[in-house]
Peer 1: 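Supplied in structure tokens, the structure appears directly below.
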Amino acid sequence: QVQLVESGGGLVQAGGSLRLSCAASGRTFSSYTMGWFRRAPGKWREFVTGISRSGARQEYTDSVKGRFTISRDNANNMLYLQMNSLKAEDTAVYYCAADPGSTWYVRTRDYDYTYWGQGTQVTVSS
């Protein structure tokens, strides 16, 4: 089992950048596909991006392609989300999540992810 803790959220002006971090406990971090999801007020939880166990495969929802970059550091049990050119519609609570079932591909459904962080708020103004 893994415990996930997000950090790095905050208030940023449109066009700005933020970097979210997700720290994972345990010694099996590299065995999990990892993903970032977000939930805007009044909206369903949405897949944002995911990364395979080795980091070689990455998937992004169309709305963030070219602006967001997911990465992981397996040696330090860390997951990151670099967010550039932020837009007001990116405002949401962002969650990191771990999927123990995917071997080599990234799944995009929230119910495939077993472990979740508490979320971190990202607010983009203007």
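Treat the numbers as computed from the prediction; the structure is a model and nothing was measured.
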Peer 1: Tell me, do Val122 and Leu18 make a side-chain contact under 4.5 Å, heavy atoms counted?
Peer 2: yes

Peer 1: Are any non-hydrogen side-chain atoms of Thr33 and Arg53 less than 4.5 angstrom apart?
Peer 2: yes

Peer 1: Is Lys65 salt-bridged to Asp62, going by a charged N under 4.0 Å from an acidic O?
Peer 2: yes

Peer 1: Kindly indicate whether the side chain of Val93, heavy atoms from C-beta on, has any atom under 4.5 Å from the side chain of Thr120.
Peer 2: no

Peer 1: Show the numbers, then the answer: is there a side chain to side chain donor-acceptor pair (under 3.5 Å) between Tyr80 and Gln82?
Peer 2: CA-CA 6 Å; Tyr80 302 102; Gln82 179 66 47; over 6 Å; no

Peer 1: Under the 3.5 angstrom rule, does the side chain of Tyr113 hit a backbone N or O of Arg107 as a donor-acceptor pair?
Peer 2: yes

Peer 1: Is there a donor in the side chain of Glu89 and an acceptor in the side chain of Thr91, or the other way round, less than 3.5 Å apart?
Peer 2: no

Peer 1: Taking it one step at a time, do Phe68 and Val48 satisfy side-chain contact (heavy atoms from CB on, under 4.5 Å)?
Peer 2: CA-CA 9 Å; Phe68 290 12; Val48 179; 3.8 Å; yes

Peer 1: Between Ala92 and Ala40, what is the shortest heavy-atom contact and its length?
Peer 2: CB-N, 3.8 Å

Peer 1: Is it true that a side-chain atom of Arg45 and a backbone atom of Tyr95 form a donor plus acceptor pair closer than 3.5 Å?
Peer 2: no

Peer 1: Can you name the nearest heavy-atom pair linking Ser85 to Ser17, along with the distance?
Peer 2: N-OG, 4.3 Å

Peer 1: Checking Thr123 side chain against Leu11 main chain: does a donor-acceptor pair fall under 3.5 Å?
Peer 2: no

Peer 1: Where does the angle between the aromatic ring planes of Phe37 and Phe47 fall among parallel (under 30°), tilted (30 to 60°) and perpendicular (over 60°)?
Peer 2: perpendicular

Peer 1: Does any non-hydrogen side-chain atom of Phe29 lie less than 4.5 Å from one of Met78?
Peer 2: no

Peer 1: Is there a path of hydrophobic side-chain contacts, each under 4.5 Å between heavy atoms, that joins Leu20 and Val106?
Peer 2: no

Peer 1: Does Asp90 form a salt bridge (charged side-chain N to carboxylate O under 4.0 Å, His left out) with Lys87? I'd like the steps, not just the answer.
Peer 2: CA-CA 5 Å; Asp90 295 318; Lys87 305 175 180 180; over 6 Å; no

Peer 1: To the nearest 0.5 Å, tell me how far Ser7 OG sits from Tyr94 OH.
Peer 2: 15.0 Å

Peer 1: Begin from the C-alpha positions of Leu4 and Tyr115 and carry the test side-chain contact (heavy atoms from CB on, under 4.5 Å) through to its verdict.
Peer 2: CA-CA 7 Å; Leu4 306 173; Tyr115 307 107; 4.3 Å; yes

Peer 1: CD of Gln3: more than 12 outside heavy atoms within 6.0 angstrom?
Peer 2: no

Peer 1: How long is the span from the SG atom in Cys22 to the CH2 atom in Trp36, to the nearest 0.5 Å?
Peer 2: 5.0 Å

Peer 1: To the nearest 0.5 angstrom, please state how far the CG atom of Leu86 sits from the OG atom of Ser126.
Peer 2: 12.0 Å

Peer 1: Any side-chain heavy atom of Leu79 within less than 4.5 Å of one from Glu6?
Peer 2: no

Peer 1: Hey, does the side chain of Arg72 reach the backbone of Ser52 with a donor-acceptor pair shorter than 3.5 angstrom?
Peer 2: yes

Peer 1: Please evaluate residues Arg38 and Val64 with respect to the criterion side-chain contact (heavy atoms from CB on, under 4.5 Å), reporting the C-alpha separation (whole Å), side-chain torsions for both, the decisive distance (0.1 Å), and the verdict.
Peer 2: CA-CA 12 Å; Arg38 66 187 180 187; Val64 308; 4.0 Å; yes

Peer 1: Is there a donor-acceptor contact under 3.5 Å from the side chain of Asp99 to the main chain of Tyr32?
Peer 2: no

Peer 1: Compare all side-chain heavy atoms of Tyr60 with those of Thr69 and state whether any distance is below 4.5 angstrom.
Peer 2: yes

Peer 1: Answer whether the closest heavy-atom distance between the side chains of Gln118 and Val5 falls below 4.5 Å.
Peer 2: yes

Peer 1: Got a second to check how far Asn77's CG is from Met34's CE, nearest 0.5 Å?
Peer 2: 9.5 Å

